[in-house]
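What follows is a set of notes on a single structure, which appears directly below.
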Number of protein chains: 2
Amino acid sequence: MNSTNHYPDRTVERLCTYRRTLRRCLDEGKPRVFSHELAAAHQATPAQVRRDLMTIGFSGSPARGYDVAGLLEYIGDILDPPDGTAAVLLGVGHLGRALLAHFTRDRSPLHVAAAFDITPEKVGASCHGCTIHPLDALERIVAETHATVGILAVPAEAAEDMALKLVACGVRGLVNFAPVLLHLPSDVTCEDIDITVSLEKVAYHARHAEPRVA
Amino acid sequence: MNSTNHYPDRTVERLCTYRRTLRRCLDEGKPRVFSHELAAAHQATPAQVRRDLMTIGFSGSPARGYDVAGLLEYIGDILDPPDGTAAVLLGVGHLGRALLAHFTRDRSPLHVAAAFDITPEKVGASCHGCTIHPLDALERIVAETHATVGILAVPAEAAEDMALKLVACGVRGLVNFAPVLLHLPSDVTCEDIDITVSLEKVAYHARHAEPRVA
DNA sequence: AGCGCGCTGTGAACACGGTCACAACGTGAA
DNA sequence: TTCACGTTGTGACCGTGTTCACAGCGCGCT
């Protein structure tokens with residue numbers, strides 16, 4: 001378990017979602033959870049949950065389960081940098097606005113620090129509490145806000161350009177909503193969210209599902 | 001290769017994206033492609049592409065590659081029902097509106113046939129060319145439009161309820177944007193798109209990426 | 001016509017994540 | 001104090017998806 005190249009992607013993903021359940025437990029005043037409870041709240045088996053917690057090195061106690069507050073903090077230490085994570089949004093179209101609305105509502109250790117758009121008449125305006133900046137302010141604002149991730153909500157044609165601009169500013173993580181593959185340096189992490197593909201996949205599976213299994 | 005339970009999810013996903021590249025080839029008047037060209041346009045190796053095409057039973061010719069038009073049609077026969085796929089959208093908030101805008105622009109064999117919302121003042125209005133219906137019209141309209149997939153863009157608290165309503169109407173595929181796990185019958189396919197988790201994952205990986213690899 | 005290059009098709013090996021099954025152990029009851 | 005139950009921690013196993021490596025083959029060049 002060296003310092004670079006940490007935990008597997010799938011495990012990290014589940015950690016993010018375990019947190020939600022743990023927070024709910026905390027809200028409900030539930031001090032301890034069992035692996036099977038966490039498993040039920042996710043798409044997982046108890047063994048999977050235990051394996052994940054083993055992977056990150058968190059121990060529970062037999063017959064009493066895992067300490068909710070302790071686990072929550074432990075996961076937080078893994079996922080969150082001490083000073084929170086700042087993101088910048090590129091492209092304030094329909095999707096960009098929806099994302100801004102989402103992240104101003106959503107309570108999470110992540111916040112969108114600034115938004116950018118090329119359209120001159122959008123620049124200077126504010127959307128869901130976030131000021132829209134011109135593109136040429138990107139480098140300055142990324143530096144000022146210490147943003148480490150970028151959200152690409154721009155048209156497909158502009159996506160790669162914008163991605164490279166972000167990378168040039170030092171951003172090393174991207175979430176890309178444009179339906180194109182971005183060619184990026186290997187030290188940049190990119191998560192593609194392709195709504196059309198997701199829908200087509202689901203439509204396919206829905207057509208070919210067996211009538212009934214369980 | 002029985003009729004139910006078809007191709008692996010990952011393969012289907014790549015087929016969706018291969019189509020994009022193939023359409024672009026067609027637009028450019030390129031009649032044939034090699035596996036390494038398709039691979040370069042995706043996150044894949046040439047062997048992966050050949051394996052996918054082998055899986056679906058499409059043959060190319062050595063030294064000339066794959067026929068673009070033929071492959072495009074072949075994939076279309078696999079992915080698209082003969083009469084297209086209709087989807088319904090539940091929840092016309094910020095995200096719902098962005099999705100409507102997206103799908104009225106995007107040319108694909110998929111279209112959003114109707115939108116639904118509980119808010120009385122939204123009902124009856126039209127958004128990006130799509131009429132917003134009241135929830136109690138769901139069953140009728142799903143039947144009329146032969147919608148097979150549902151898009152959930154509702155708050156987390158309402159998601160499971162809405163999902164079950166859709167399933168009761170005969171919908172067997174869901175795309176869920178709400179940050180909760182839906183408990184559904186096993187013959188229903190559900191794809192979760194969780195933007196917060198994606199961002200947290202990317203932020204994590206960005207923090208732990210090795211400084212440079214290739 | 002013959003040759004060589006470069007592509008496809010595919011069995012075999014590999015890697016990874018997920019699951020099983022069980023030993024170890026703490027807790028609560030008797 | 002002792003016992004039995006239920007849960008954790010984990011080595012071994014398994015299945016799936018990806019990659020390797022090479023045989024087979026068609027095209028274009030000479």
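Per chain, numbering begins at 1; letters A, B, ... match sequence-line order.
Whole-Å rounding puts the B:D52 CG to C:dG9 C1' distance at 14 Å. Regarding B:R50, its CZ atom lies at a distance of 13 Å from the C1' atom of D:dG24, rounded to whole Å. We find that CZ of A:R64 is positioned 5 Å from P of C:dT27, with the value rounded to whole Å. Following rounding to the nearest Å, B:L53 (CG) and C:dC7 (C1') show an atom-to-atom distance of 13 Å. Per the geometry, CG belonging to B:L15 stands 13 Å off P belonging to D:dG17, to the nearest Å. Taking atom CZ of residue A:F34 and atom C1' of nucleotide C:dT27, one finds them 10 Å apart after rounding to whole Å. Rounded to whole Å, the distance from CD on B:Q48 to P on C:dC14 is 19 Å. In this structure, CG of A:D67 is placed 17 Å from C1' of C:dT27, rounded to the nearest angstrom.
If you check C:dT10, D:dT10, C:dT8 against the side chain of B:M54, the one that comes closest is C:dT10. With C:dC25, D:dC25, D:dC27 as the choices, the nucleotide that has an atom nearest any side-chain atom of A:P62 turns out to be C:dC25.
In terms of phosphate contacts, A:Y66 brings a side-chain nitrogen or oxygen within less than 4.0 Å of OP1 or OP2 of D:dG9. Contact check, B:R10 against D:dT18: a side-chain N or O comes under 4.0 Å of OP1 or OP2. Taking only side-chain nitrogens and oxygens, A:T45 comes nearer than 4.0 Å to OP1 or OP2 of C:dT19. Between C:dT8 and B:S61, no contact under 4.0 Å exists linking OP1 or OP2 to a side-chain N or O. Applying the 4.0 Å criterion to OP1 and OP2 of C:dT8, one finds that B:S59 has every side-chain N and O outside that range. In this model, the phosphate group of C:dA21 is not approached by any side-chain N or O of A:R51 to a distance below 4.0 Å at OP1 or OP2.
Nucleic acid contact class of B:P8 (heavy atoms, under 4.0 Å, all strands): sugar-phosphate only.
Ring geometry for B:Y18 versus B:H42: interplanar angle over 60°, hence perpendicular rather than tilted (30 to 60°). The aromatic rings of B:F58 and B:Y66 are tilted relative to each other, their planes meeting at an angle between 30° and 60°. Note on ring orientation: taking the six-membered ring where Trp is involved, the planes of A:Y7 and B:Y204 are parallel (angle under 30°, cut-offs 30° and 60°).
Across the interface with DNA chain C, nearest-nucleotide mapping of A:A63 and A:R14 shows A:R14 to be the residue nearer the 5′ end. Residue order along DNA chain C, read from the 5' end via each residue's closest nucleotide, puts B:G60 first among A:T11 and B:G60.
Considering only heavy atoms from C-beta on, B:E191 stays 4.5 Å or farther from A:H205 through its side chain. Here the side chains of A:P179 and A:T196 are not in contact, with every heavy-atom distance at 4.5 Å or above.
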